[in-house]
Amino acid sequence: MRFAPNPNGPPTLGSARGMVVNDEYVKIYDGKLVLRFDDTDPRTKRPLIEAYDWYIEDAEWLDVKPNEIVYASKRIPIYYEYIEKLLEMEKAYPCFCSRDEFKKYRDSGIECPHRCTSAEEALEIWEKMLAGEYDEGEVVIRIKTDMKHKDPAIRDWVAFRIIKADHPLVGDKYIVYPTLDFESAIEDHLLGITHIIRGKDLIDSERRQKYIYKYFGWEYPITKHWGRIKIHEFGKLSTSEIRKKIESGEYEGWDDPALPTIRAFRRRGFRPEAIRKFLLSLGVGENDVAISLKNLYAENRKIIDKEANRYFFVWDVIELEIEGLPEKVKVKIPKSPESKEFRELTGERKVLLTKDDWIRFKNGEIVRLKDFCTVEIDKNEQKLKFVSWELNENVKKGKNIIHWLCWKDAVVCVVLGDKPNLKWGGFVERNVLKEIDKVVQFERFAFCRIEFADESGVRAIYTHP
RNA sequence: GCUCCGGUGGUGUAGCCCGGCCAAUCAUACGGGACUCUCGAUCCCGUGACCCGGGUUCAAAUCCCGGCCGGAGCACCA
């Protein structure tokens with residue numbers, strides 16, 4: 001099996017599907033996996049030099065272990081050998097038609113005048129192409145299929161074209177580049193690929209490439225194609241669109257938590273197993289899928305809920321005084337519901353609450369500051385009145401038990417959200433300073449990964465509710 | 001326009017190849033309840049689907065035909 005991306009950006013959820021599904025079959029049937037970079041267009045789909053490593057890194061993170069890694073751009077001479085054979089066999093020919101001209105021939109099913117070029121002459125032209133005697137767009141090499149093929153998409157397709165642009169990996173070493181269809185046809189055979197699973201946008205490749213397989217007497221791999229994946233929360237985002245939005249500053253970078261890249265999910269503290277399960281649950285049907293990230297969240301929550309420690313984070317803060325608080329106290333709270341470990345907080349007269357909570361309550365309502373004390377809301381005086389240390393029966397379970405924080409333990413905290421430019425500012429308890437790089441739960445808020453933390457402040461990334 | 005493919009609850013998926021065991025699987029979502037000093041988790045209970053029409057058959061989600069809807073390709077992109 002193989003996974004063959006063009007590294008013109010980092011892997012996204014969509015590309016990860018390719019890695020994970022192929023890898024899963026390899027694991028089930030004890031097969032082999034090749035990671036092949038189909039990077040043969042240095043212009044239109046120009047590879048990003050850093051992205052090669054990003055693919056390797058993210059694959060490893062997803063527990064996808066290729067047995068072999070191949071860079072198409074480093075193997076161009078191999079493709080030259082094969083096209084020369086086809087030229088000799090008169091199964092391919094140099095074509096001087098412009099795109100528009102050829103389109104007319106293709107649409108009407110007529111052979112173009114260059115189609116009958118002799119092998120000898122064709123090879124001569126080919127040599128001149130390699131020598132740089134032609135300009136970009138002047139000539140291409142086409143594979144002979146059948147100009148009367150009922151599907152125009154299959155008729156004599158392009159195998160090589162001239163691109164005089166710098167390639168990020170091989171520089172200006174080549175000016176004649178194979179198209180994906182040609183490169184991939186040759187490689188799949190050379191690498192001994194037996195099964196191909198890929199997106200249905202490549203469905204016609206199969207019928208085009210089969211001509212080459214027929215000419216060489218090779219056997220075409222078994223193929224399976226899946227439909228497009230659309231995530232409700234992200235909509236449609238192409239790599240090039242993301243790149244533009246990063247350049248315009250709408251996103252911080254390729255790992256902006258609002259992006260569907262694997263790097264972003266890593267930053268948010270997702271577990272690779274959850275992503276694998278989510279992607280596998282999509283199946284390999286040919287129909288398009290439109291699914292909500294909630295399914296991913298559910299998978300991830302199953303894993304992290306047991307492990308994540310709980311902390312108080314107050315955002316959009318309001319400071320209030322507790323009238324009649326007998327003394328300041330130290331409260332011990334379990335780090336997580338099942339944990340026997342505790343964290344400690346100080347409860348004082350002045351407390352910080354999240355404004356939304358304060359607004360929600362009515363005058364006279366009895367509210368529990370979780371694990372600290374029970375208070376009564378006084379809207380007239382804009383303060384809280386101490387009622388008792390114990391949990392009062394008048395407190396409505398759940399809804400009226402809220403989180404809080406006192407200045408003594410408060411550290412400035414910003415949480416970067418999962419939508420562009422969404423962030424929450426507030427304070428978090430100092431205890432999270434020990435949780436760097438861990439996913440924790442900010443109670444009554446969400447799971448978050450602590451990305452950076454010291455006395456000067458905390459930066460957390462929103463994982464999911 | 002030409003070629004190809006698909007349509008199972010709100011969402012995703014299993015079943016379709018090889019018709020009966022499918023009054024249709026699992027997950028998620030949603031609703032209700034229990035528990036919990038988080039609006040989280042857990043545990044119960046519940047809601048909800050075979051695109052439409054015809055045909056073949058004792059029997060159709062499964063096979064055939066037509067329709068409707070959706071998607072992909074028709075690049076010197078991948």
Side-chain angles (χ1 to χ4, degrees), chain A residues 4-8 37-41 43-47 72 95 97-99 102-103 106-107 109 136-142 149-155 157-163 176-181 183-184 198-208 225 227-229 232 238-240 277-278 280-299 301-302 304-306 308 310-312 331 333-334 336-338 356-357 360 368-374 390-392 395 397-403 441-447 464-465:
Chain A
N6 174 24
N8 60 342
F37 290 106
D38 282 348
D39 56 348
T40 56
D41 183 352
R43 175 158 294 141
T44 320
K45 289 277 170 79
R46 186 164 219 279
C95 174
C97 294
S98 71
R99 289 171 208 239
F102 191 82
K103 190 173 164 38
R106 184 182 53 220
D107 291 348
E136 241 175 80
E138 210 179 331
V139 60
V140 297
I141 302 293
R142 288 184 186 278
H149 192 111
K150 59 181 179 172
D151 184 352
I154 308 305
R155 297 172 189 165
W157 49 276
V158 172
F160 282 87
R161 76 287 209 209
I162 296 167
I163 303 175
V176 179
Y177 283 92
T179 56
L180 171 82
D181 278 333
E183 170 265 318
S184 139
R198 60 185 167 197
K200 69 176 176 185
D201 47 326
L202 262 7
I203 223 158
D204 284 340
S205 274
E206 175 169 351
R207 281 182 295 166
R208 282 195 282 256
H225 298 90
R228 288 172 75 96
I229 171 174
H232 294 324
S238 68
T239 304
S240 50
K277 272 197 171 173
F278 172 72
L280 258 10
S281 81
L282 264 30
V284 283
E286 210 168 295
N287 46 341
D288 296 349
V289 299
I291 192 171
S292 167
L293 235 31
K294 283 181 182 168
N295 294 273
L296 208 208
Y297 295 166
E299 288 299 343
R301 190 149 44 219
K302 281 178 200 160
I304 63 173
D305 185 71
K306 296 185 225 50
R310 268 60 170 171
Y311 295 100
F312 287 162
V331 296
I333 312 178
S336 73
E338 289 90 45
D356 285 347
D357 284 328
R360 217 181 64 227
R368 177 69 179 174
L369 301 183
K370 191 170 182 274
D371 296 303
F372 175 24
C373 65
T374 306
E390 295 76 34
L391 182 58
N392 191 303
V395 174
K397 285 272 170 161
K399 288 236 188 288
N400 281 20
I401 297 173
I402 63 168
H403 62 292
Q441 189 194 55
F442 289 162
E443 289 194 47
R444 306 204 317 130
F445 180 68
F447 287 97
H464 57 70

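Note that this is a predicted model, so its numbers are computed, not measured. In the text below, chain A, chain B and the rest are named by the order of the sequence lines, each starting its count at 1.
In this structure, of B:A29, B:C2, B:C76, it is B:C76 that holds the atom nearest to the side chain of A:Arg142. Out of B:U28, B:C37, B:U13, the shortest distance to the side chain of A:Ala298 is found at B:U28. The side chain of A:Asp41 has B:A78 as its nearest neighbour among B:U11, B:A78, B:C76. The listed nucleotides are B:G12, B:C77, B:A72; the one nearest the side chain of A:Arg161 is B:C77.
Proximity of A:Val158 to A:Ile141: side-chain heavy atoms (C-beta onward) are nowhere separated by under 4.5 Å. With a 4.5 Å cut-off on side-chain heavy atoms, A:Lys277 and A:Asn295 do not count as touching. Residues A:His403 and A:Lys370 form no side-chain contact, since every pair of their non-hydrogen atoms from C-beta on lies 4.5 Å or further apart. The shortest side-chain heavy-atom distance between A:Phe102 and A:Val140 does not fall under the 4.5 Å cut-off.
Separating the CG atom of A:Asn8 from the P atom of B:A78 is a distance of 10 Å, rounded to the nearest angstrom. To the nearest angstrom, P of B:G12 lies 6 Å from NE2 of A:His232. Atom CD in A:Glu390 sits about 14 Å away from atom P in B:C37, given to the nearest Å. With rounding to whole Å, A:Lys45 atom NZ is found 7 Å from B:A78 atom P. Atom CD of A:Glu299 and atom P of B:G12 are 16 Å apart (whole Å). Per the geometry, CZ belonging to A:Arg208 stands 12 Å off C1' belonging to B:U3, to the nearest Å. A:Ile163 has its CD1 atom 11 Å from the C1' atom of B:A78, to the nearest Å. Atom-to-atom, CD of A:Glu443 to C1' of B:U38 comes out at 5 Å; the value is rounded to the nearest Å.
Here the separation of B:C17 from B:G12, taken at their P atoms, is 23 Å to the nearest Å. Straight-line distance between the C1' atoms of B:A60 and B:G53: roughly 15 Å, to the nearest whole Å. As rounded to the nearest Å, B:U57 and B:C64 have P atoms that lie 16 Å from one another. A gap of 10 Å separates the C1' atoms of B:C69 and B:C52, to the nearest Å. Going from the P atom of B:G48 to that of B:U25 covers 13 Å, rounded to whole Å. For the C1' atoms, the distance from B:G9 to B:C21 is 23 Å, rounded to whole Å. Taking the C1' atom of each, B:A61 and B:C18 are spaced 15 Å apart, rounded to whole Å. Spacing between B:A29 and B:G20 at atom P, rounded to whole Å, works out to 33 Å.
Closest approach of A:Leu282 to A:Ile229, counting heavy atoms only: CD2-CD1, 3.4 Å.
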Short heteroatom pairs, N/O only, protein and nucleotides 4-9 of chain B, under 3.5 Å:
| unit_1 | atom_1 | unit_2 | atom_2 | d |
| --- | --- | --- | --- | --- |
| B:C4 | OP1 | A:Lys150 | NZ | 2.9 |
| B:C5 | O2' | A:Glu286 | OE2 | 2.4 |

Can you give me the N/O atom pairs linking the protein to nucleotides 60-65 of chain B at distances under 3.5 Å, or say none if there are none?
none

Enumerate all atom pairs, one protein N or O and one N or O from nucleotides 40-42 of chain B, separated by less than 3.5 Å.
| unit_1 | atom_1 | unit_2 | atom_2 | d |
| --- | --- | --- | --- | --- |
| B:G40 | O2' | A:Gln441 | NE2 | 3.4 |
| B:A41 | OP1 | A:Arg301 | NE | 3.0 |
| B:A41 | O2' | A:Asp305 | OD2 | 3.2 |

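Among residues two or more places apart in sequence or in another chain, the side chain to side chain donor-acceptor pair (under 3.5 Å) test is passed with A:Asp356 by none. Judged as a salt bridge (charged side-chain N to carboxylate O under 4.0 Å, His left out), and not counting sequence neighbours, A:Lys294 has no contacts. The salt bridge (charged side-chain N to carboxylate O under 4.0 Å, His left out) check on A:Arg142 picks up nothing, with sequence neighbours excluded. A:Lys302 meets the salt bridge (charged side-chain N to carboxylate O under 4.0 Å, His left out) test with A:Glu299; sequence neighbours excluded. Under the rule for a side chain to side chain donor-acceptor pair (under 3.5 Å), the partners of A:Asp181 that lie at least two apart in sequence or sit in another chain are A:Ser205, A:Arg208. In this structure A:Arg368 satisfies the salt bridge (charged side-chain N to carboxylate O under 4.0 Å, His left out) test with no other residue, sequence neighbours excluded. Residues satisfying the side chain to side chain donor-acceptor pair (under 3.5 Å) criterion with A:Arg198, sequence neighbours excluded, are A:Tyr220, A:His225.
Counting any heavy atom pair closer than 4.0 Å across all strands shown, A:Arg360 reaches a base atom. No engagement by A:Ser184 is indicated, since no non-hydrogen atom pair under 4.0 Å with the nucleic acid exists. A:Cys97 comes within contact range of at least one nucleobase, with a heavy-atom separation under 4.0 Å. Residue-level contact check: A:Asn392 touches neither bases nor backbone, having no heavy atom under 4.0 Å from any strand. When heavy atoms are screened at a 4.0 angstrom cut-off, A:Val289 is found touching the sugar-phosphate backbone but no base atom. Contacts of A:Gly227 with the nucleic acid, taken as non-hydrogen atoms under 4.0 Å apart, are absent. A:Asp371 comes within contact range of at least one nucleobase, with a heavy-atom separation under 4.0 Å. Among the protein residues, A:Ala4 comes within range of no part of the nucleic acid, since none of its heavy atoms lies under 4.0 Å from any strand. Counting non-hydrogen atoms under 4.0 angstrom, A:Leu202 reaches a base of the nucleic acid.
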Would A:Leu180 and A:Leu202 satisfy side-chain contact (heavy atoms from CB on, under 4.5 Å), going step by step from the backbone distance to the final call? CA-CA 10 Å; A:Leu180 171 82; A:Leu202 262 7; 4.1 Å; yes

Evaluate side-chain contact (heavy atoms from CB on, under 4.5 Å) for A:Ile162 paired with A:Glu138, printing each intermediate quantity in order. CA-CA 8 Å; A:Ile162 296 167; A:Glu138 210 179 331; 5.5 Å; no

Under the criterion side-chain contact (heavy atoms from CB on, under 4.5 Å), I'd like the reasoning laid out for A:Ile402 against A:Leu369: C-alpha separation, chi angles, the key distance, then a yes or no. CA-CA 5 Å; A:Ile402 63 168; A:Leu369 301 183; 3.9 Å; yes

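Consecutive Watson-Crick or G-U pairs involving RNA chain B, each under 3.5 Å on both distances, make up stems of three or more pairs at B:1-7 with B:68-74, B:10-12 with B:26-28, B:29-34 with B:42-47, B:51-55 with B:63-67.
Where A:Asn295 and A:Ser292 meet RNA chain B, the nucleotide closest to each residue was compared, and A:Ser292 sits on the side nearer the 5' end.
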Donor-acceptor contacts, no H, no angles, side chain residues 283-291 of chain A, under 3.5 Å, sequence neighbours left out:
| unit_1 | atom_1 | unit_2 | atom_2 | d |
| --- | --- | --- | --- | --- |
| A:Asp288 | OD1 | A:Lys200 | NZ | 3.0 |
| A:Asp288 | OD1 | A:Arg228 | N | 2.9 |

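Ring geometry for A:His464 against A:Phe447 counts as tilted: the plane angle lies between 30° and 60°, on a 0 to 90° scale.
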